[in-house]
Amino acid sequence: MTTGNGVQREDKINVPQFQTLMLPLLKVMGCGHEMTTIQIRDAVADNLEMTAEALRQHLPTGPQNAFNNQMGCAITFLFKAGLLTRPRRGIYIISEIGKQVLLENPVEIDAEFLRSYGDFNKFYDSPRGEYESLLPADSDDKQLTEEGEIEVNPSQIHRQLRDEILTKNHSSLP
């Protein structure tokens, strides 16, 4: 767009915040099929009719893609609340709890809404707020890149592996 003085400026394209993405994401997962993070991202982008320009937008703090960042946070929050399960790394499916939430037809899903599900409070109220490392201010911790890979730092990998091991051990108990 050109301003009155002939200077080119770029209009800010707003990418929805992760809490705004949680309900559309859960609805996309409502089909009951396993989906990769990339399939989820693409389905939500299509559902929200995101423009190519919006999908190319980067965070102001660095080169990370803004939509991918917000989707990563939304997926993590729904997973930590137990509305999604992760049968394999990078693959998600809606849980029975997630299906029940969709049947209730919520108007929105946000962190407050998720406080009544699963181990979400333990995650959300952790000493540093483990979730804080997923938010844009600390955008180096986790991101869904253009190539479709999840990049995480060693502490994030450690937390994910710990969660997976504890979940598998707990589920194998009689």
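Since we're looking at a predicted model, the values are computed, not measured. Keep in mind that the numbers below use all heavy atoms, side chains included, and drop hydrogens, waters and symmetry copies. Positions are given from 1, in the same order as the sequence printed here.
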Side chains of [X] and [Y]: does their closest heavy-atom pair fall under 4.5 Å?
X: M71; Y: L25; result: yes
X: L103; Y: K99; result: no
X: V101; Y: Y117; result: yes
X: L23; Y: P106; result: yes
X: M35; Y: V28; result: yes
X: T37; Y: N68; result: no
X: I109; Y: L78; result: yes
X: M50; Y: F67; result: yes

Specify the closest pair of heavy atoms between [X] and [Y], including all atoms of both residues, with the distance to one decimal.
X: T20; Y: P24; answer: O-CD, 3.2 Å
X: R88; Y: E34; answer: NH2-OE1, 2.8 Å
X: L26; Y: G98; answer: CD2-O, 3.9 Å
X: Y92; Y: I40; answer: CB-CD1, 4.0 Å
X: M22; Y: A111; answer: CE-N, 4.0 Å
X: A54; Y: V15; answer: O-CG2, 3.6 Å

Review point. Among I97, I91, I93, which residue meets the side chain to side chain contact (heavy atoms under 4.5 Å, CB included) test with T85?
Key: I93
Check your understanding: Can L55 and T51 be said to form a side-chain contact (heavy atoms from CB on, under 4.5 Å), step by step?
Key -> CA-CA 6 Å; L55 293 174; T51 65; over 6 Å; no
Exercise for review: Test the R115-F120 pair against the cation-pi criterion, namely NZ or CZ under 6.0 angstrom from the six-membered ring centroid and within 45° of the ring axis.
Suggested key: no
Practice item. Answer yes if the side chains of R56 and N65 hold a donor-acceptor pair under 3.5 Å, and no otherwise. Key: no
Check your understanding: Under 3.5 Å, side chain of Q19 to main-chain N/O of D110, donor-acceptor pair present?
Key -> no
Can you measure from [atom1] ([X]) to [atom2] ([Y]) and round to the nearest 0.5 angstrom?
X: N47; Y: L21; atom1: CG; atom2: CG; answer: 10.5 Å
X: S95; Y: R86; atom1: OG; atom2: CZ; answer: 13.5 Å
X: Y124; Y: L114; atom1: OH; atom2: CG; answer: 9.5 Å
X: I94; Y: H33; atom1: CD1; atom2: NE2; answer: 11.5 Å

Exercise for review: For side-chain contact (heavy atoms from CB on, under 4.5 Å), just list the numbers for F18 and N69, CA-CA rounded to whole Å, side-chain angles, deciding distance to a tenth of an Å, and then say yes or no.
Suggested key: CA-CA 8 Å; F18 76 97; N69 175 272; over 6 Å; no
